Q: 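So that we are looking at the same thing, I have put the structure below in C-alpha cells.
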Amino acid sequence: MPEPASSAPTLAGPDALPKTYDPAGTEARWQQAWESSGAFHPDPGPRAHAFSVVIPPPNVTGSLHMGHAFNTALIDTIVRFQRLQGRNVLCLPGTDHASIAVQTILERQLKAEGGSKDDLGRDAFLERAWAWKAESGGTIVGQLRRLGYSVDWRRERFTLDPGLNKAVVEAFLRLHEQGLVYRGEYLVNWCPASGSAVSDLEVEMKEVEGHLWHLRYPLTPLPEQGAAAGAGAAAGASEPEPPIDHLVVATTRPETMLGDTAVAVNPGDPRYAALVGRTIELPLVGRRIPIVADPHVDPAFGTGCVKVTPAHDPNDFAIGQRHGLPQITVMAKDGTMNEAAGRFAGLDRFEARKAVVAAMEAEGLLVKTEPHRHSVPFSDRGKVPVEPLLSTQWFVRAEPLAARCRGALEQGEPRFVPERWSKVYRDWLTDIRDWCISRQLWWGHRIPAWFVVSETGGVITEATPYVVARHEAEARAKAEAQFGAAARAAGRPLQLEQDPDVLDTWFSSGLWPFSTLGWPGEDGQEPADLATWYPTSVLVTGFDIIFFWVARMTMLAGAFLQEGEEPAGGRDSWMPFRDVYIHGLVRDENNRKMSKSAGNGIDPLLLIERYGADALRFALVREVAGAGQDIRLDYDRKSDTSATVEAARNFANKLWNATRFALMNLGGETPASLGEPIAAALEREGRPLQLADRWILARLARVNRETAERYGSYGLGEAAKGLYEFAWNEVCDWYVELIKRRLQVSGELEGAARTAALADQRTARQVLAKVLSELLVMLHPLMPHLTEELWHGVHGVAFEASADGSADTPGEQAEAGSLASGPPGSAAASAFLALQPWPTLDEAALDGELEEAFAALIEAIRVVRNLRAVAGLKPAQPAPVQFISGREPLAALLRQATPEITALTRAASVSVLTPAEAEAARAAAGPQRALAGVSGELQVLLPIDGLVDLDALRGRLEKDIAKATKEIQGLAGRLANPNFAGKAPPEVVAECRANLAEAEAQAELAKRRLAELG
RNA sequence: GCCCGGUUAGCUCAGCGGUAGAGCGCCUGCCUUACAAGCAGGAUGUCGCUGGUUCGAAACCGGCACCGGGCACCA
C-alpha cells in the first residue's frame, strides 16, 4: 500500500495539486468513506427532530436512466440540506419488483431461447426471476451509489422481500375484512400479450386509422302484418312509409358482432320508437336478439342504432346490465375467437375481423365501409390493443378510500409543490373507478386467498368459496371452521388451493412509505422506525405517477394508518408524506421524453464518467428553477457530450482552483487556527476588516439566508444558480482578486510597515477561509463529493485523519490530486462535511447599503476597463484614471479603494474629484483629451492623450450620445405626462427624474468630449 | 369535450406591475504565478398576436394562434 502521501496535503506549494479537478478518484473515495463509516445511518429518536424520505423505488428492469438520476439529485440535495440543518434524517432506498415489466422481459428472453414460461414451470421461472432481480437490482444500486446518494443502505428494501410481503398480506387481509377488497366477474382490460388483466391506468388510448363498418341487421319478420307498423309517432300524418325490415349498425370491431345480444336505439328517437321490443335475426349467428331503448345511444351519430356486445365493450356492458341482457364471450384470453364464435373459432381477433366483414359482404349485409379515425386502448406494457373481457378478478373498492383522501386534501394534506398538481390528484380521486388488483402473472406477491376447491369439484370456478389468510395454516383453520363440518358430513375432505394470481405491483408500492418503516410490526407493537419517521417529510417524484403511485399510497395509508377518525400511533396525520414535490421529466435534445422503449435514453454513468457525478447532479438541479417543468438536457450523441453538464464540470473546476488558491495563500493555517473574523475584535487589534472584507461578509450572510430559504422550500434550482453566481462572480471574480495584494506581503517591507501588512494579511486570510469554508458547506447538498474533498483540504482534517495510518484505506487514496490523504477513520466520522452544521447566519454582517455601494464601485471599475478596451490600450499599459463624483459615499469608497482600483485597472494613478474640483482643474489647465465614460452620476476619465485610437473613441462617444438621447426621450416623455407625476408613487417619480438628470449629464459630457477631440 | 402548462437573445431557460436577464454559443483582446475547464471586454431581443385594466404591462384581465401534456371518449 502506498504511504498515505504526507505530501498530498502540503498545500502551500503550487505543485501539490493539479490545475484541474479529476472527479473519479475523489468521488469513489468519499462514497466509500461515507458508507463504511455509517454516516447516513440514523437511529430512531424523537419524532420532532426527524426528517424522512423514502425514495421512489426504481424498477428492477435493467438499469437507471436520466430520470432516476434527476430524481436522485433532487432528493439527495434535499436530504443533505436537512442533515446540515441538524435534522435526524432518514433517506430510505430500495427497488421495485415491477411485476409485469420484469415478467415481460423474462418471457422475451425465454422466447429467444426457444422456450416459454410454461415449459419452465412456475418455480423454475421464479428462480430465474430472482436471478434477474439480483443482477438488475445490483446494477441499479451501484448506479445510485455512484451518484453519491446519502441513503441508509442498511434499510434498503425490495418490494418483494419478506418484510414487505408481510405488509402486503396484512393489507390485503385487512382490506378484505373491511369489505374494501372483493372478487367478482366484471369486464376488465385484458392484455392478450401478457395474458393478464391490467388496470385502467395501464391502458393508453391511441388514435388509429380504422374503419367504420355499416352492417345490416334484418328484423325478425312479424307473424302478422300491420299490428305494430303504424304505431310509431314517427310515421307522421302522411303516407305510411314502407315497413322497416332491417336496421343498420356501425362498428369499428365487427368481430364482436358474434357476441351481440341486442341492438339499442335512443328512447327518444322517433325513427325507431315503434321498433323497440321487436327482435333482430343476428346475421352469421342466427341468434334472435331484442331491440332495446337506451339513453346512452346518440341518435345523431351514425344511424342512431348501436349493436350491443355486453361481454366485449364497457358501454355495452352497462347497457346489458340495464336491460338484463346475456353476456356472450366470443373471445379467448389469448386473443383468438372461442367456440361461441362458431365457424370463426380459433381465428386471431384481427383475422376474425376480416373474416366477419367478408362473410357479411358475401351475404349482402355490408352496407358500406368508411375510413374512421378513433381511439383504441393499448396495453402500456404489451403494446397491443387491450380487449375488454369478462373475467373474475380481485378489486379494491376505491371510492371510500378516495373520499378520505379528498377530505384530507381539503385540509391541505398533502401539500403539493407546485400547488397546481393537487388539482390533478383531486380530479383523479373524484369519480374514481374500482381498482383491479389481480394479475395473471407469476412474478409478484401471490394473492393470499385460498379456494376451497373441494366445494366445487376440485377446480376453481367463479363460485368456489375462498378464505383470505396470512398463510396456508391460517387458511386451513378458517376453511375448517367455515366448511369443515359440512364437508365431513358430505364425505369430502377439505381441499385448498391458493389463488394462482399475483397482485398488481402498485399494490405493494402503495404501501412503500410505511411497509419500509416496519409496518405492520410485530404483535401490535409500533415499529421504532415508523414511530420516528412516519409520516415522511416529503415525497419527490415525477408527475407521471401521481395516479399510479402517489394516490395509491395516500389511499392505502388512509386504510391502515388511521384509527377511527384519528391518525394511528398518536401522530398528527395519517398521510404518508407532508409534502409532495412534483418534478418534470427529463427530455432529450428533441424534446422527447427519455425512455428505454423510445431508445433515446442517456446512460447517466456515461456522463458521470466524463464529467463527474457532482457535475451531473449540479447540472440537473440547476435546470429545475421553474419547478414542475420538464427539463431538457442537451446532449450530443456522437461525442457523448453535454454542454450543460460540461458547464457544471467547469464550475466544479472553478471551486477546485479557488480552493487551491486559498491553500496556497493561507500559510498552512485553517479556519480553526485563524479564528473567526469578528469585526470588533479585529478593530481592537488594529487590523480591521477592509472594505472588501465587509462587502464579501455581507454578501455571504445574504447568500446564506437566501440559500437556506430556497433549499428549504424546494427552490433547488434557484439555490444552485444563486450559489453559482456568488461563488464565481463575486468570490472568485472580485473578492479573491481584491485581496491578492494583501495576501502577498512583499519581502521588501520592514519594521512597522511589515508588521502592519502581516496583520492585515491575517485578516484577509481569516475572511477568505471563512467565506470559502461556508461556501463549501452551502454547496455540499448539490456537489457532495467535491465539497467534502475541498472542505477537508481547507480545514486540514486530512492531516489528523491520516495520522492514524488509516488501516482500511484503499490504495488509490494517495493518488495525485487528492486533497485529503484518506477518509477519516470511524472515530473521525463526525468530521465529515456531510455532518457539519449549516453555517450560522451572521445577521450583523448584513449591510444592504454596502452591497449597493460596492456594486457601484465594481461598475466604476468596469467602466474603466471598458474604456481601455475600446481605446485599444494594451492590457499591460498603465493609464491614469480620474473619477468625478458629487456623491460622497461613492467618492469616499473610491478613495478608500484606490489600491484595489489600481490593481484591477492597471491604473497609473487614481484621482477622485468633485465636479467643482474638476471644473477648476479644467479652467486652469484647459481641456484635455480623454476617454470618458459614465456610470450613474459618476464620470470616469482616462486622460491619456496620444495613446488612443481617436476614431474608436469618436465611435464610442457617438454611441454613448445616441444611447443617452434615447433614454432622455423616454424618460422625459414619461415625466411630461401629468398623470405620471400625479399618480405614480413619489419614489418612482424621483427615480425617474434622477435618471433623466443623469442621462442628460451623460449626453452633455459625451458631446463635450467629442468636441474636444476636434 | 374537459383540465393543465408553455410561447422572452442563435440554443436552453430565469424574470411575473417601474422601460429586459443568466448559462451556453458568437465577436475582440489576453498563457496577468488559483483556474485557457480560464481572464477582461463586446454584440444580440417589435418579451406569440390582439383588445383591455393602469400614470406605467414581458408581467394582471379577455380573446385568438401555435406547441406540449393530462383526463374522458360515440358505436
Side-chain angles (χ1 to χ4, degrees), chain A residues 14 17 19-21 205 212-213 249-253 256 264 296-298 300-309 313-316 372 374-375 377 418 420-421 423-424 427-428 431 543-544 546-547 584-585 587 589 591 593 611 615 619 622-626 628-634 643-644 646-665 717-718 721 724-725 729 732-733 736-737 740 744 862 865-870 872-876 903-906 967 970-971 973-975 977-985 987-989 991-992 995:
Chain A
L17 290 173
K19 286 176 157 189
T20 53
Y21 170 55
M205 299 304 266
L212 199 52
W213 285 279
V249 298
T251 180
T252 53
R253 293 190 299 157
T256 63
H296 167 75
V297 179
D298 176 3
F301 188 90
T303 58
C305 299
V306 179
K307 61 189 276 303
V308 182
T309 324
D313 182 276
N315 288 309
D316 294 5
H372 183 61
H374 64 128
S375 299
R420 66 189 162 89
W421 292 109
K423 214 173 141 189
V424 175
D427 289 351
W428 189 72
D431 296 326
F543 65 76
D544 54 333
I546 291 177
F547 308 145
L585 275 24
R587 316 198 80 101
E589 62 280 13
N591 207 21
K593 177 184 169 180
Y611 301 113
R622 200 190 139 120
E623 291 299 309
V624 293
Q629 233 41 43
D630 287 352
I631 66 169
R632 198 184 301 200
L633 190 67
D634 63 1
T644 306
E646 187 177 317
R649 188 272 316 263
N650 292 351
F651 179 54
N653 189 237
K654 188 72 180 175
L655 294 169
W656 171 266
N657 274 294
T659 305
R660 208 171 138 241
F661 172 82
L663 295 177
M664 286 159 59
N665 286 282
E718 286 147 323
K721 283 179 192 172
Y724 180 98
E725 282 168 20
N729 304 134
C732 292
D733 286 353
V736 165
E737 292 304 325
K740 275 181 176 170
Q744 285 154 16
R862 284 222 167 97
R865 284 173 170 171
N866 172 256
L867 289 174
R868 292 178 54 105
V870 167
L873 281 182
K874 290 264 180 287
L904 297 184
T905 65
R906 299 270 174 167
E967 208 180 332
L971 292 166
R974 264 167 87 191
L975 286 164
N977 183 344
N979 285 327
F980 177 68
K983 297 190 181 175
E987 63 271 21
V988 172
V989 178
E991 195 189 328
C992 194
N995 288 344

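Worth saying up front: this structure is predicted, and the values here are computed from it rather than measured. Chain A is the first sequence line, chain B the second, and so forth, proteins listed ahead of strands; every chain is numbered from 1.
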Q: Lys19(A) has a side chain; which of G41(B), C73(B), A36(B) sits nearest to it?
A: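 Nearest listed nucleotide: A36(B).
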Q: Quick one: is C39(B) close enough that its OP1 or OP2 comes under 4.0 Å of any side-chain N or O from Lys654(A)?
A: yes
Q: Counting side-chain heavy atoms from CB outward, which of A34(B), A75(B), C55(B) is closest to Val297(A)?
A: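 Selected nucleotide: A75(B).
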Q: Could you tell me whether the phosphate oxygens of U12(B), OP1 or OP2, come under 4.0 Å of any side-chain nitrogen or oxygen in Arg632(A)?
A: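 Checking U12(B) against Arg632(A), a side-chain N or O does come within under 4.0 Å of OP1 or OP2.
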Q: OP1, OP2 of A34(B) versus side-chain N and O of Lys740(A): anything below 4.0 Å?
A: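 Lys740(A) to A34(B) OP1/OP2: side-chain N or O found under 4.0 Å.
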Q: How far, in whole Å, is G48(B) from G68(B) if one measures between their C1' atoms?
A: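 So the two C1' atoms sit 15 Å from each other.
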Q: For Asn653(A), enumerate each residue passing the side chain to side chain contact (heavy atoms under 4.5 Å, CB included) test, keeping only those at least two apart in sequence or located in another chain.
A: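 Asn653(A) satisfies side chain to side chain contact (heavy atoms under 4.5 Å, CB included) with Thr20(A), Tyr21(A), Trp656(A), Asn657(A) only.
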Q: Checking all strands, does Val308(A) fall into the base, sugar-phosphate, or nothing category for heavy-atom contacts under 4.0 angstrom?
A: nothing
Q: Tell me which nucleotide among A37(B), A75(B), C55(B) gets nearest to the side chain of Asn653(A).
A: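 Of all the options, the side chain of Asn653(A) is nearest to A37(B).
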Q: So if I take every side-chain heavy atom of Arg660(A) and compare against A34(B), A37(B), C73(B), which nucleotide ends up nearest?
A: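 Looking only at heavy atoms from C-beta outward on Arg660(A), the closest nucleotide is A34(B).
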Q: Using the C1' atoms only, state how far G42(B) lies from A9(B), rounded to an integer number of Å.
A: 14 Å
Q: Side chain of Phe301(A) only, heavy atoms from C-beta on: which candidate in A40(B), C55(B), A75(B) is closest?
A: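 Closest nucleotide to the Phe301(A) side chain: A75(B).
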Q: With a 3.5 Å cut-off and heavy atoms only, can you find an N or O donor on one side and an acceptor on the other between the side chain of Arg865(A) and the base of A40(B)?
A: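 Checked by distance alone, the answer is no.
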Q: Which one, A75(B), C73(B), G41(B), comes nearest to the side chain of Ser375(A)?
A: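 Closest nucleotide to the Ser375(A) side chain: C73(B).
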Q: Ignoring hydrogens and geometry, is there a side-chain-to-backbone donor-acceptor pair from Asn665(A) to Phe661(A) under 3.5 Å?
A: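 Yes: the side chain of Asn665(A) pairs with the backbone of Phe661(A).
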Q: Enumerate the protein-to-nucleotides 16-19 of chain B contacts in which both atoms are nitrogen or oxygen and the separation is below 3.5 Å.
A:
| unit_1 | atom_1 | unit_2 | atom_2 | d |
| --- | --- | --- | --- | --- |
| U19(B) | O4 | Gly970(A) | O | 2.9 |
| U19(B) | O4 | Leu971(A) | N | 2.8 |

Q: Would you please confirm or rule out a distance under 4.0 Å between OP1 or OP2 of U54(B) and any side-chain N or O of Asn979(A)?
A: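 No, Asn979(A) has no side-chain N/O under 4.0 Å of OP1/OP2 on U54(B).
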Q: Can you name the ring-ring contact (aromatic ring centres under 6.0 Å, His included) partners of Phe651(A), sequence neighbours left out?
A: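 Scan of Phe651(A) (ring-ring contact (aromatic ring centres under 6.0 Å, His included), adjacent residues dropped) gives Phe618(A), Tyr724(A).
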Q: Between the protein and nucleotides 23-30 of chain B, are there any N/O to N/O pairs under 3.5 Å, and if so, what are the atom names and distances?
A:
| unit_1 | atom_1 | unit_2 | atom_2 | d |
| --- | --- | --- | --- | --- |
| G23(B) | O4' | Arg622(A) | NH2 | 3.3 |

Q: Mind checking which stems touch RNA chain B? I mean at least 3 consecutive Watson-Crick or G-U pairs, both distances under 3.5 Å.
A: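 Stem segments, range with range: B:1-7 with B:65-71, B:10-13 with B:21-24, B:26-30 with B:38-42, B:48-52 with B:60-64.
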Q: Go through A75(B), C73(B), U12(B) for me and flag the one nearest to the Glu623(A) side chain.
A: U12(B)
Q: Taking atom P in both G1(B) and C11(B), what distance in whole Å separates the two?
A: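 32 Å, rounded to whole Å.
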Q: With sequence neighbours excluded, tell me which residues meet side chain to side chain contact (heavy atoms under 4.5 Å, CB included) with Ala869(A).
A: none
Q: Looking at every strand, decide which applies to Val424(A) at a 4.0 Å heavy-atom threshold: base, sugar-phosphate, or nothing.
A: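 It contacts nothing in the nucleic acid.
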Q: Between Glu725(A) and Thr20(A), which residue's closest nucleotide on RNA chain B lies nearer the 5′ terminus?
A: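 Per heavy-atom nearest nucleotide, the more 5' residue is Glu725(A).
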